[in-house]
Amino acid sequence: MQQDPQAGTPLPDHADPVILTEEELNEILTIRRDKLADLKARGRDPFWQVLYPVDNTTSNIHARFDELEGKPVSIAGRIMSRRIMGKASFFDLHDRDGKVQVYARIDALGEEVYEEFKKMDLGDLVGLQGEVFRTHKGEISVKANEITLLAKSLRPLPEKWHGLKDVDLRYRQRYLDLIVNPEVRRTFILRSRILRELRGFLDERGFLEVETPILGTIAGGANARPFITHHNTLDMDMFLRIAPELYLKRLIVGGLERVYEIGRNFRNEGISIKHNPEFTAFELYEAYRDYNYMMDFVETLISTLAKKVLGTTTITYQGTPIELAAPWRRATTLQLVQEATGIDFDLIETHEAARKAAQSIGVHIKPDATWGLVLNEVYEARVEHTLIQPTFVIDFPVEISPLTKKKVTDARLTERFEVIIGGREYGCAYSELNDPIDQKERFLDQARRREAGDEEANMMDEDFVTALEYGMPPTGGLGIGIDRLVMLFADAYSIRDVLLFPTMKSMK
RNA sequence: GAGCCAUUAGCUCAGCUGGUAGAGCACAUGACUUUUAAUCAUGGUGUCCGGAGUUCGACUCUCCGAUGGCUCACCA
């Protein structure tokens with residue numbers, strides 16, 4: 001490693017009392033900065049290190065111990081715990097996917113290097129070369145014959161045994177959370193694997209991954225309040241997307257036939273253990289398919305992902321056993337509401353009778369709610385949270401489904417289903433509305449709702465109607481919340497546990 | 001947006017009925033060449049979240065604020 005020839009001259013910054021900050025008064029911080037200053041003064045500034053010839057990882061050393069025993073390896077990582085016993089020491093080196101114990105002794109390293117090693121701190125990043133062996137107590141280890149400080153850690157890490165528990169700090173300083181809480185790292189590795197397997201599954205089936213605008217002048221494709229931003233040179237307000245749906249269906253019109261997008265949506269709504277203002281949506285469209293096909297597709301997709309990523313379709317979410325293997329139950333909203341409440345909405349013919357029926361069982365509804373809105377309210381209030389094993393809930397009212405084909409047999413309902421697991425919605429799919437005249441009417445209906453004060457009603461998208469006028473094949477569409485899927489697979493209680501950097505208030 | 005709860009050393013947490021604070025880890029010094037939450041001895045950790053008030057005296061009581069958590073609302 002090259003060292004700067006002028007290294008002997010610099011003075012420690014904090015030696016000047018004028019720029020001594022309050023923070024540096026802390027004993028531990030001061031000592032670590034002093035150690036760094038000492039290294040600099042001796043021409044050994046660790047921050048001049050630019051590379052290290054790493055040729056192995058800690059997990060590989062464990063996995064292939066039999067063939068690596070007695071062989072030299074070169075690894076690098078963070079010192080996470082130390083047991084110094086005079087002229088010999090052990091420490092744990094953590095790298096990206098594991099840790100290994102390192103044995104450092106003065107006669108292997110030489111006096112100078114060993115003394116430098118003893119001055120290193122927990123949290124320092126080092127590279128080392130040594131031989132793989134097993135200790136008397138049986139622990140796979142590396143006997144170091146060279147250790148190089150690659151970066152100095154100037155702050156003490158959170159406690160080694162209890163880790164970092166303060167939830168606020170864990171989210172705001174996720175890097176610390178990742179350093180000291182191994183299960184957090186596992187969750188995000190799992191998240192990456194889920195996405196990789198999802199893409200593989202779709203690739204095998206001939207889907208094209210596409211990217212559509214996040215920034216636009218119409219926020220369509222869902223019922224939600226958008227974030228508003230401003231473009232300076234165009235001098236116009238723009239929206240962050242709430243769903244990619246209308247763009248993806250334009251691509252179906254364009255003849256791409258099988259497309260999907262995995263990307264961020266933004267909704268200007270409340271934050272909860274199930275909601276983050278930005279979240280990752282997966283939407284897929286396949287021409288010449290309907291929602292029945294999509295049910296088979298979803299069953300296969302989720303159970304395949306579980307098998308590939310978790311090795312099983314039998315999982316436990318927050319203590320509740322869930323079986324993800326196909327087939328899943330399929331039941332209509334009408335059936336499920338009748339099962340749960342005894343009320344058969346199919347036989348209710350007027351909006352007023354529907355409202356009275358809901359009120360009779362104590363479900364709160366708006367005074368002008370229509371039959372379909374009431375049915376949906378009752379479903380959400382009395383059914384959704386009770387569906388623990390994977391269930392396709394089928395045929396939602398037309399009022400809440402402005403982009404979905406109506407059922408040929410019942411114009412009050414649409415060919416739409418939701419995927420419910422553990423009482424939560426994981427996805428939604430439908431036979432896409434491709435009738436431009438009907439679509440325009442639905443947009444106009446939504447526009448009336450907007451004017452009546454419903455900020456979540458869909459915005460009119462004239463160009464989307466124009467696209468449909470050129471002809472869109474019958475198409476099955478699907479949307480799945482990736483964050484919630486990761487929560488399910490990782491057994492995470494809060495959405496924030498599967499987002500590396502969840503949305504937080506700014507500290508004042 | 002509402003209610004409840006929390007905030008004390010770098011981290012994890014104690015702190016009684018109001019008398020200006022403790023432990024473990026981490027850190028420092030010393031001992032120790034197979035330890036693994038290493039051990040042993042010695043030592044110092046501090047804007048008690050911020051501000052105001054009550055009081056002779058506030059970590060402790062009251063009010064205001066900040067941040068977070070939970071529940072609810074919102075959110076298909």
Side-chain angles (χ1 to χ4, degrees), chain A residues 22-23 25-32 34-35 80-92 99-109 114 118-119 121-123 133-141 143 153-173 176-177 179-181 222-225 242-243 265 267-277 279 333 364 372-373 375-377 379-381 383-384 393 396-397 399-402 404 416 418 420 424-425 427-428 455-458 479 481 493-496 502 504-508:
Chain A
E22 189 182 333
E23 187 180 73
L25 289 171
N26 177 291
E27 184 198 6
I28 296 176
L29 300 186
T30 305
I31 288 166
R32 292 204 177 191
D34 285 346
K35 286 182 181 177
M80 290 302 288
S81 69
R82 271 192 316 175
R83 297 168 289 283
I84 293 182
M85 301 158 302
K87 296 189 173 64
S89 304
F90 289 93
F91 66 93
D92 291 335
K99 63 176 177 177
V100 73
Q101 176 172 265
V102 180
Y103 182 40
R105 28 188 303 163
I106 193 164
D107 48 14
L109 290 167
Y114 189 76
K118 285 216 287 186
K119 284 191 183 139
D121 290 298
L122 296 189
F133 78 113
R134 199 190 279 274
T135 64
H136 294 158
K137 296 275 171 66
E139 172 129 2
I140 290 170
S141 306
K143 189 180 296 178
S153 172
L154 295 177
R155 290 173 181 270
L157 288 171
E159 213 236 6
K160 65 179 176 184
W161 191 241
H162 298 95
L164 182 66
K165 286 190 171 169
D166 185 312
V167 180
D168 192 22
L169 289 182
R170 285 187 48 222
Y171 297 147
R172 288 184 196 277
Q173 295 184 277
L176 284 181
D177 197 25
I179 289 168
V180 300
N181 295 329
N223 302 334
R225 289 161 65 180
I242 54 175
N265 288 347
R267 297 189 183 176
N268 206 339
E269 290 159 356
I271 296 175
S272 78
I273 56 166
K274 290 187 286 183
H275 300 86
N276 195 67
F279 61 97
T333 53
H364 182 72
L373 292 172
L375 173 62
N376 187 55
E377 284 296 324
Y379 160 73
E380 287 188 356
V383 179
E384 190 179 78
V393 180
F396 281 81
E399 291 96 321
I400 60 161
S401 312
T404 311
R416 159 176 171 164
E418 291 185 358
I420 310 297
R424 285 185 189 173
E425 185 192 340
C428 171
E455 288 183 82
E456 282 134 29
N458 280 241
Y493 173 68
S494 167
I495 193 170
R496 293 174 155 197
M504 304 289 282
K505 265 194 197 176
S506 63
M507 300 285 282
K508 289 200 174 167

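Numbers restart at 1 for each chain; the letters A, B, ... are given by sequence-line order, proteins then strands.
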key: Atom-pair distance (CG on A/Asp92; P on B/U35), nearest Å   = 14 Å
request  = Please report, rounded to the nearest Å, how far the P atom of B/C75 is from the CZ atom of A/Arg267.
outcome  = 12 Å
query = Considering only B/C11, B/A76, B/U71, which nucleotide approaches the side chain of A/Glu425 most closely?
reply = B/A76
query = side-chain contact (heavy atoms from CB on, under 4.5 Å) with A/Ile140: which residues, sequence neighbours excluded?
reply = A/Ile61, A/His62, A/Phe65, A/Arg134
inquiry  = Using the side-chain contact (heavy atoms from CB on, under 4.5 Å) criterion, which residues pair with A/Thr333? Sequence neighbours excluded.
reply    = A/Leu375, A/Val393, A/Phe396
ask   = Nearest of B/U34, B/U67, B/A76 to any side-chain atom of A/Phe90?
value = B/U34
ask   = Do any side-chain nitrogens or oxygens of A/Arg83 fall under 4.0 Å of OP1 or OP2 in B/A38?
value = yes
Set of residues satisfying side chain to side chain donor-acceptor pair (under 3.5 Å) with respect to A/Gln173, sequence neighbours excluded = A/Tyr175
note = From CD1 of A/Ile179 across to P of B/C11 the rounded distance in Å is 14 Å
ask   = Would you call A/His136 stacked on B/U34, i.e. ring centres under 5.5 Å apart with the planes less than 30° off parallel?
value = yes
query = How many angstroms lie between CD in A/Glu384 and CD in A/Glu425, if you round to the nearest 0.5 Å?
reply = 6.0 Å
task = Go through the N and O atoms of the side chain of A/Glu139 and the base of B/U34, and report whether any donor-acceptor pair is under 3.5 Å.
result = no
inquiry  = Going by side-chain contact (heavy atoms from CB on, under 4.5 Å), name the residues that satisfy it together with A/Ser141, two or more places apart in sequence or in a different chain.
reply    = A/Gln101, A/Phe133, A/Thr135, A/Glu139
remark   = 5'-most contact on RNA chain B (nearest-nucleotide basis), A/Asn223 vs A/Tyr493, goes to A/Tyr493
message = Need one value for A/Arg170: base, sugar-phosphate or nothing, where a base atom within 4.0 Å counts as base even if backbone is also close, heavy atoms only.
response = nothing
ask   = Who passes ring pair (Phe, Tyr, Trp, His ring centres under 6.0 Å) against A/Phe90, sequence neighbours left out?
value = A/Tyr103
key: Partners meeting side chain to side chain donor-acceptor pair (under 3.5 Å) with A/Ser272 (sequence neighbours left out)   = A/His275
task = Taking atom C1' in both B/G10 and B/G46, compute the distance separating them and give it to the nearest angstrom.
result = 11 Å
message = The criterion is side chain to side chain donor-acceptor pair (under 3.5 Å); which residues satisfy it with A/Glu418, sequence neighbours excluded?
response = A/Arg416
inquiry  = Taking side chain to side chain donor-acceptor pair (under 3.5 Å) as the definition, give me every residue that meets it alongside A/Arg32, ordered by chain and number, with sequence neighbours left out.
reply    = A/Ser153
message = Just to verify, what does A/Met504 make a side-chain contact (heavy atoms from CB on, under 4.5 Å) with, not counting sequence neighbours?
response = A/Asp168, A/Tyr171, A/Arg172, A/Arg496
ask   = Quick one: CG on A/Leu29 to CG on A/Leu154, what's the gap to the nearest 0.5 Å?
value = 8.0 Å
note = Protein heavy-atom contacts under 4.0 Å, written 5' to 3' over nucleotides 25-33 of chain B as B (base), S (sugar-phosphate only) or - (none), form the string BBSS---BB
query = What dot-bracket string describes RNA chain B from 5' to 3', counting Watson-Crick and G-U wobble pairs whose defining distances are under 3.5 Å, with [ ] for crossing pairs and | for pairs to another strand?
reply = (((((((..((((.....[..))))((((((.......))))).)...(((((..]....))))))))))))....
Distances for protein N/O vs nucleotides 72-74 of chain B N/O pairs under 3.5 angstrom?
unit_1, atom_1, unit_2, atom_2, d
B/C74, O2, A/Gly270, N, 3.4

